[in-house]
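The basis for the numbers below is simple: all heavy atoms, side chains too, and nothing from hydrogens, waters or symmetry mates. Model, not experiment: these values are computed from the prediction.
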Amino acid sequence: MAIRSDLRNIAVIAHVDHGKTTLVDALLRQSGAFRENEQVAERVMDSMDLEREKGITILAKNTAVRRGDVKINIVDTPGHADFGGEVERALNMVDGVLLLVDAAEGPRPQTRFVLRKALEAGLTIVVVVNKIDRPDVRLGEVVDEVYELFMDLDATDEQIEFPIVYADARSGIATHDPDVPGTNMDPFFDVVLEHVPPPSYDPDEPLRAHVTNLDASPYVGRIAICRVDSGTLRRGAAVAWCRTDGSIQPAKVGTISVTEALAQVDVEEAGPGEIVYVSGIEGVTIGETLADPEDPRPMHEITVDEPTLSMAIGANTSPVAGNDGTKLTARQVKARLDAELVGNVSIRVLPTERPDTWEVQGRGELQLAILVETMRREGFELTVGKPAVLLREVDGVLNEPTERLSVDVPEEHMGAVTQLLGERKARMEDMTNHGTGWVRLDYVVPARALIGFRTEFLTETRGTGLLHHVFEGWEPWKGELRTRQTGSIVADRVGATTAYAITSLQERTTLFVGPTEKVYGGMIVGENPRAEDMDVNICREKKLTNVRASASDDTIRLTPPRRLSLEQALEYVADDECVEVTPAVIRLRKVVLDAGERARSLKKLKNARA
């Protein structure tokens with residue numbers, strides 16, 4: 001086997017907010033990717049508006065830095081468990097990974113998930129302990145926890161002998177010894193060049209390039225992001241296009257480009273181990289192979305973990321549909337969902353009984369909420385149902401997905417949190433008190449119990465608690481859960497809300513709307529502290545007479561309404577409710593708008609139970 005000593009391919013993997021994108025920033029700055037006077041945004045790899053707003057990475061992205069004669073291709077991956085499909089796909093492109101761990105928090109649920117995938121792929125691992133400038137660092141304990149995690153995941157002896165780099169990515173320094181302050185990122189580069197193996201290939205093998213991701217350009221159309229496994233890919237050359245359905249078709253390569261820092265540079269040819277962007281093959285999808293026409297050898301398909309959550313997404317069917325958006329029809333919604341399937345291998349779209357609604361399956365609430373939010377910004381009006389977990393039968397027993405939940409809370413809130421999770425049939429696995437006033441609780445909990453949990457959790461911990469969860473496995477069905485203890489306040493007619501009506505309601509309910517807002521019958525305007533729903537006339541006006549009373553003209557004091565974000569709205573809705581999403585507003589509504597029909601359905605349900 002020959003090797004490419006002038007090339008390294010690495011992926012940066014970690015739990016959310018442990019500093020992956022900031023580390024890539026530091027590497028780009030110190031490799032000379034930017035001019036000295038160039039103004040560069042913080043977290044330059046976060047390119048989408050949603051990524052910058054939420055401070056998280058959603059899509060895996062490539063960059064490259066040079067260290068002497070060696071080019072280092074770096075793939076920045078998402079840290080949130082819902083976007084695990086991006087991580088699994090990125091690991092097909094690299095020979096080694098940088099596992100980032102926070103110097104104070106240590107390994108978290110997503111750290112376990114991404115490390116398990118890297119170990120299964122047999123990749124070389126370099127551990128980077130980041131944020132060593134934090135005042136609450138615990139370097140020795142964190143390194144011990146990393147070793148324990150490797151052993152828990154049945155790592156081989158070679159994999160456990162990993163090098164460790166201590167870094168402060170925000171300041172752009174790294175060191176081999178935490179007692180010796182670093183001055184730049186040189187120790188980091190040295191470890192990568194020494195320990196991450198260069199790409200190896202058989203010089204006698206024919207051309208094979210594996211499509212691991214997709215991009216698009218308004219000028220050249222769909223772009224396949226490939227890793228060249230063997231042979232040489234040339235611009236304008238004829239190739240055999242090995243498709244996922246088993247067929248092999250002739251195709252012609254348009255342009256070939258490679259990454260240099262943040263730019264893509266056109267090249268005439270690319271050799272083994274290189275990550276390239278190929279245009280000219282319009283229908284190409286992830287997992288396909290570009291091969292030698294004389295000797296086509298397809299590579300393995302890219303597989304990702306199964307979806308665990310589903311959500312109904314369809315055209316907007318409310319009485320006020322069409323006021324805000326530009327894309328309103330079911331045909332446009334279906335076309336957009338089909339387009340999402342092309343580049344997102346971790347979701348599925350299935351038909352439902354209704355011709356204008358589809359079941360979208362994914363990894364978690366956040367992943368599906370990001371899809372809905374993206375469509376909303378593109379001008380779509382949608383009706384989105386309550387998220388529900390997917391069930392499966394194993395040996396004749398109904399199983400449901402479970403999540404590994406990690407919670408950090410101040411000691412005074414520990415009782416309230418354990419009670420909340422006890423009601424949701426969670427099983428405590430571990431409890432750690434670091435002596436800093438904070439407690440870490442590890443649970444295995446049914447995935448459906450976490451739908452709507454975050455809001456209650458933040459309320460109980462006064463906004464101080466932190467929680468993260470990642471898919472754990474499948475366990476037998478735990479029985480019925482009642483996760484929402486409150487009912488809904490439902491408008492009973494079309495009109496504009498009035499301050500007079502709101503005044504009498506706000507004392508006993510929490511409202512989601514303010515005065516003069518348009519509402520319609522069946523729209524949810526607030527939360528009832530009791531378990532049942534309540535239909536109200538929130539458009540009621542004060543009757544005017546020619547008789548004046550001394551107390552009738554007092555100043556009305558209105559409580560500001562509680563505005564729900566898209567994620568909060570999806571968590572809040574009950575089984576008979578849905579979310580109306582438009583570019584301008586997010587509303588909650590009943591699936592059945594007519595109050596009489598809802599009452600008859602409820603009566604039938606009660607009689608059936610009796």
Side-chain angles (χ1 to χ4, degrees), residues 8 10-34 36 38-46 51-52 55-57 61 63-67 72 74-80 96-108 110-111 114-115 125-147 149 162-196 261-262 408 434 436 438 440 466 468:
R8 299 289 190 280
I10 58 173
V12 187
I13 60 175
H15 185 77
V16 65
D17 203 29
H18 278 196
K20 294 180 299 300
T21 307
T22 309
L23 175 70
V24 176
D25 275 8
L27 298 179
L28 284 167
R29 289 176 195 279
Q30 296 198 19
S31 65
F34 308 124
E36 285 188 20
E38 188 172 350
Q39 294 293 317
V40 182
E42 188 180 352
R43 300 197 317 275
V44 69
M45 293 290 284
D46 285 347
E51 289 182 322
R52 293 198 173 278
I56 60 173
T57 303
K61 290 177 283 292
T63 185
V65 298
R66 288 199 173 271
R67 182 71 173 173
I72 305 173
I74 303 172
V75 184
D76 183 23
T77 64
H80 201 285
V97 297
L98 306 177
L99 179 69
L100 253 71
V101 181
D102 190 295
E105 293 183 8
R108 302 304 301 274
Q110 180 69 359
T111 313
V114 294
L115 178 58
I125 295 168
V126 175
V127 172
V128 181
V129 180
N130 193 26
K131 303 188 183 181
I132 57 173
D133 60 323
R134 287 184 59 161
D136 55 345
V137 293
R138 29 186 212 98
L139 294 178
E141 294 174 49
V142 166
V143 171
D144 289 343
E145 289 172 9
V146 173
Y147 276 112
L149 182 58
F162 52 80
I164 302 176
V165 180
Y166 301 91
D168 174 10
R170 192 166 59 177
S171 303
I173 59 173
T175 177
H176 296 297
D177 185 349
D179 297 325
V180 180
T183 55
N184 53 30
M185 297 299 288
D186 286 353
F188 174 87
F189 285 113
D190 295 341
V191 167
V192 168
L193 295 180
E194 181 182 347
H195 290 276
V196 176
L262 296 175
D408 285 294
H434 298 302
T436 57
W438 285 70
R440 176 171 297 174
L466 300 171
H468 299 284

> Tell me, with the steps shown, if Leu115 and Ile125 meet side chain to side chain contact (heavy atoms under 4.5 Å, CB included).
CA-CA 9 Å; Leu115 178 58; Ile125 295 168; 3.5 Å; yes

> Among all residues two or more places apart in sequence or in another chain, which pass the salt bridge (Lys or Arg N to Asp or Glu O under 4.0 Å) test with Asp168?
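Counting only residues at least two positions away or on another chain, Asp168 forms no salt bridge (Lys or Arg N to Asp or Glu O under 4.0 Å).
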
> Of the options Glu194, His176, His195, which is the one that meets Pro163 in a side chain to side chain contact (heavy atoms under 4.5 Å, CB included)?
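For Pro163, the side chain to side chain contact (heavy atoms under 4.5 Å, CB included) test succeeds with only one of Glu194, His176, His195, which is His195.
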
> Does Asp133 have any salt bridge (Lys or Arg N to Asp or Glu O under 4.0 Å) partners at least two apart in sequence or in another chain, and if so, which?
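Salt bridge (Lys or Arg N to Asp or Glu O under 4.0 Å) check on Asp133 returns Arg170.
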
> What closest approach, in Å, do Val101 and Pro107 show between heavy atoms, and which atom pair accounts for it?
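For Val101 versus Pro107, the nearest heavy atoms are CG1-N, 3.7 Å.
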
> Could you check Val128, Val114, Val126 and say which one makes a side chain to side chain contact (heavy atoms under 4.5 Å, CB included) with Leu100?
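Of the listed options, the one satisfying the test is Val128.
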
> Tell me, do Phe189 and Ile72 make a side-chain contact under 4.5 Å, heavy atoms counted?
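Yes; the side chains approach each other to less than 4.5 Å.
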
> Search all heavy atoms of Pro181 against all heavy atoms of Asp179 and return the closest pair with its distance.
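Looking at all heavy atoms of both residues, the closest pair is CD-O, 3.6 Å.
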
> Taking Arg67 for the side chain and Leu193 for the main chain, is one N or O donor matched with an acceptor at less than 3.5 Å?
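Absent.
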
> In the structure I gave you, are the side-chain heavy atoms of Glu105 and Lys131 within less than 4.5 Å of one another anywhere?
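Side chain of Glu105 against side chain of Lys131, heavy atoms only: no contact under 4.5 Å found.
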
> Of the non-hydrogen atoms in Gly106 and Arg138, which two are nearest, and what is the gap between them?
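Of all heavy-atom pairs spanning Gly106 and Arg138, the closest is N-NH2, 4.3 Å.
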
> Do the non-hydrogen side-chain atoms of Val127 and Tyr147 ever get within less than 4.5 Å of each other?
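Side chain of Val127 against side chain of Tyr147, heavy atoms only: no contact under 4.5 Å found.
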
> Could you tell me if the side chain of Leu98 sits less than 4.5 Å from the side chain of Val192, heavy atoms only?
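A side-chain contact under 4.5 Å exists here.
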
> How far apart are the closest heavy atoms of Pro187 and Ala174, and which atoms are they?
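Closest pair (atom of Pro187, atom of Ala174, distance): CG-O, 3.3 Å.
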
> Between Asp408 and Trp438 (side chain of the first, backbone of the second, donor and acceptor by atom type, cut-off under 3.5 Å), is there such a pair?
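No; zero donor-acceptor contacts below 3.5 Å.
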
> Does Gly96 offer a backbone N or O that forms a donor-acceptor pair with the side chain of Arg8 under 3.5 Å?
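No; zero donor-acceptor contacts below 3.5 Å.
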
> Ala103 and Leu139: which non-hydrogen atoms are nearest, and at how many Å?
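The answer is CB-CD2, 3.8 Å.
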
> Is the closest side-chain heavy-atom distance between Val137 and Val129 below 4.5 Å?
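The answer is no, as the side chains (C-beta and beyond) never meet within the 4.5 Å cut-off.
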
> To the nearest 0.5 angstrom, please state how far the CD1 atom of Ile74 sits from the CD1 atom of Ile10.
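Between Ile74 CD1 and Ile10 CD1, I get 4.5 Å after rounding to 0.5 Å.
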
> Closest approach of Asp186 and Asn184, non-hydrogen atoms and distance?
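What the structure gives for the nearest pair is N-OD1, 3.0 Å.
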
> Sequence neighbours excluded, which residues qualify as side chain to side chain donor-acceptor pair (under 3.5 Å) partners of Asp136?
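Side chain to side chain donor-acceptor pair (under 3.5 Å) list for Asp136, sorted by chain: Arg134.
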
